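To start, the structure under review is shown below, and the notes come after it.
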Amino acid sequence: MSMEMMLATYEFQQWLYREAKLLDDIDFDGWFSLMHPDIQYIMPVRVNKEGVERPDYAEDMFAFHDDHHLLSLRVERLKTDYAWAEIPPSRTRRSVNNVRVEEYVPNEKAVVKSYLLLYRSRSTDIHHDLVSGERTDEFTYVDGEWKLSKRFFVIDQTTINTRNLAIFV
């Protein structure tokens, strides 16, 4: 691995760790400021297929397929009394690992893959949720910083083991 790719990997690891911290700290405005105006925020429905046929997710069904406007509505809604699924807010802990920079053009664009393990507990409920999957992120460099321009999250579970998806992955 070249020094440039090592530094790029470190830079995007730090970016993803910062993003996870913002979400775990319930700083949704801070998190949303990391988004590019052309963001596509996508989670396809996972499907079971025979053998090793791929992809093993639907290409035309999504748990969510949001753009910048829909993400802003989700963020604003979480600040109201109408976000019942998040009253009180979930306690989350995101573990990001196996970060790999797949494509990199300095100060222009990058494609980064990573694994996410998300722990979620709510109120006094003794049960918790675990959500895991792989993210493929596309970044665009704007005004001296990287902005997330696409997130494609493939969840590991076919049946999602969480009560709702009022959280960001």
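Computed from a predicted structure; not experimentally measured. Starting from 1, each residue takes its place in the sequence as its number.
- Interatomic distance, Ile87 CD1 to Arg122 CZ, rounded to the nearest 0.5 Å: 9.0 Å.
- Val111 and Phe139 are not part of a single hydrophobic cluster, where members link through side-chain heavy atoms under 4.5 Å apart.
- For the residue pair Phe62 and Glu59, the shortest heavy atom distance occurs at CZ-O, 3.7 Å.
- Within the model, atoms CD1 of Ile39 and CG of Asp66 stand 9.5 Å from one another, a figure rounded to the nearest 0.5 Å.
- Glu11 contributes atom CD, which lies 14.0 Å from atom CE of Met6 (distance to the nearest 0.5 angstrom).
- Among all heavy-atom pairs drawn from Ala63 and Val45, the shortest one is N-CG2, 3.9 Å.
- With Ser123 contributing its side chain and Asp125 its backbone, the two residues share no donor-acceptor pair below 3.5 Å.
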Item to check | Candidate pair Tyr41 and Leu70, rule side chain to side chain contact (heavy atoms under 4.5 Å, CB included), full reasoning | outcome: CA-CA 9 Å; Tyr41 196 78; Leu70 283 175; over 6 Å; no

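- With a 4.5 Å cut-off on side-chain heavy atoms, Ile42 and Lys150 count as touching.
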Donor-acceptor pairs under 3.5 Å, side chain of residues 152-161 to any protein atom, not counting sequence neighbours: which ones?
from	atom 1	to	atom 2	distance (Å)
Asp156	OD2	Ser132	OG	2.7
Asp156	OD2	Gly133	N	3.4
Gln157	NE2	Leu130	O	3.0
Thr158	OG1	Asn48	OD1	3.1

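- Stacking of Arg100 on the aromatic ring of Tyr115 is recorded, both the 6.0 Å distance cut-off and the 45° axial limit being met.
- With hydrogens and angles disregarded, no donor-acceptor distance shorter than 3.5 Å links the side chain of Arg91 to the backbone of Asp24.
- In this structure the side chain of Asp56 reaches within 4.5 angstrom of the side chain of Arg46, judged on heavy atoms.
- Here OH of Tyr104 is found 6.0 Å from CG of Asn107. Values are rounded to the nearest 0.5 Å.
- Side-chain contact between Leu117 and Arg94 is absent, with no heavy atoms from C-beta onward closer than 4.5 Å.
- No donor-acceptor distance shorter than 3.5 angstrom exists from the side chain of Tyr10 to the backbone of Gln13, with no hydrogens or angles considered.
- Close placement of the Phe32 and His68 rings is indicated, their centers lying within 6.0 Å of each other.
- For the pair Ala85 and Ala166, the tightest heavy-atom approach, listed with the atom from each and the gap, is CB-CB, 4.1 Å.
- Of the possible donor and acceptor atoms, none in the side chain of Ser90 sits under 3.5 Å from a partner among the backbone N and O of Thr92.
- No salt bridge links Asp27 with Lys21; every basic N to acidic carboxylate O contact stays at or beyond 4.0 Å.
- Under the 6.0 Å distance and 45° angle rule, Arg74 does not count as a cation-pi partner of Phe28.
- When all heavy atoms are compared, the tightest approach of Ala83 to Leu78 is CB-CA, 3.9 Å.
- Linking Ile, Leu, Val, Met, Phe, Trp and Tyr whenever their side-chain heavy atoms come within less than 4.5 Å puts Val131 and Tyr17 in one cluster.
- With rounding to the nearest 0.5 Å, the separation of CG in Leu116 from CG in Asn98 is 12.5 Å.
- Counting heavy atoms from C-beta on, the side chains of Leu34 and Trp146 never come closer than 4.5 Å.
- The hydrophobic cluster containing Phe168 also contains Ile26, counting ILVMFWY residues as joined when their side-chain heavy atoms lie under 4.5 angstrom apart, directly or transitively.
- A donor-acceptor pair is defined here as one N or O able to donate and one able to accept, closer than 3.5 Å; no such pair exists between the side chain of Thr140 and the backbone of Lys109.
- Asp29 places a side-chain heavy atom less than 4.5 Å from the side chain of Lys79.
- In this structure, the side chains of Arg135 and Lys113 stay at 4.5 Å or more apart for every pair of heavy atoms.
- Listed by chain and number, the residues in a salt bridge (charged side-chain N to carboxylate O under 4.0 Å, His left out) with Arg120 are Glu86, Asp129 (sequence neighbours excluded).
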Next on the checklist: Quick one, Glu19 with Arg151, criterion salt bridge (Lys or Arg N to Asp or Glu O under 4.0 Å). Give me CA distance, side-chain angles, the key distance, then yes/no.
Outcome noted: CA-CA 13 Å; Glu19 177 198 27; Arg151 170 155 292 157; 2.8 Å; yes

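- Hydrophobic clustering, with ILVMFWY side chains joined whenever heavy atoms are under 4.5 angstrom apart, groups Leu22 together with Val75.
- Remark: side-chain polar atoms of Asp67 are paired, donor with acceptor, to backbone N or O of His69 under 3.5 angstrom.
- A single hydrophobic cluster is not seen to contain both Val105 and Val142; linkage of ILVMFWY side chains at heavy-atom distances under 4.5 Å, directly or through other members, places them apart.
- Taking every heavy atom of both residues into account, Val101 and Phe12 meet most closely at CG2-CD1, 4.1 Å.
- Partners of Glu4 by salt bridge (charged side-chain N to carboxylate O under 4.0 Å, His left out), not counting sequence neighbours: none found.
- Between Thr9 and Val99, the closest heavy-atom pair is CG2-O, 4.0 Å.
- Distance check, rounded to the nearest 0.5 Å: CH2 of Trp15 to OG of Ser114 gives 10.0 Å.
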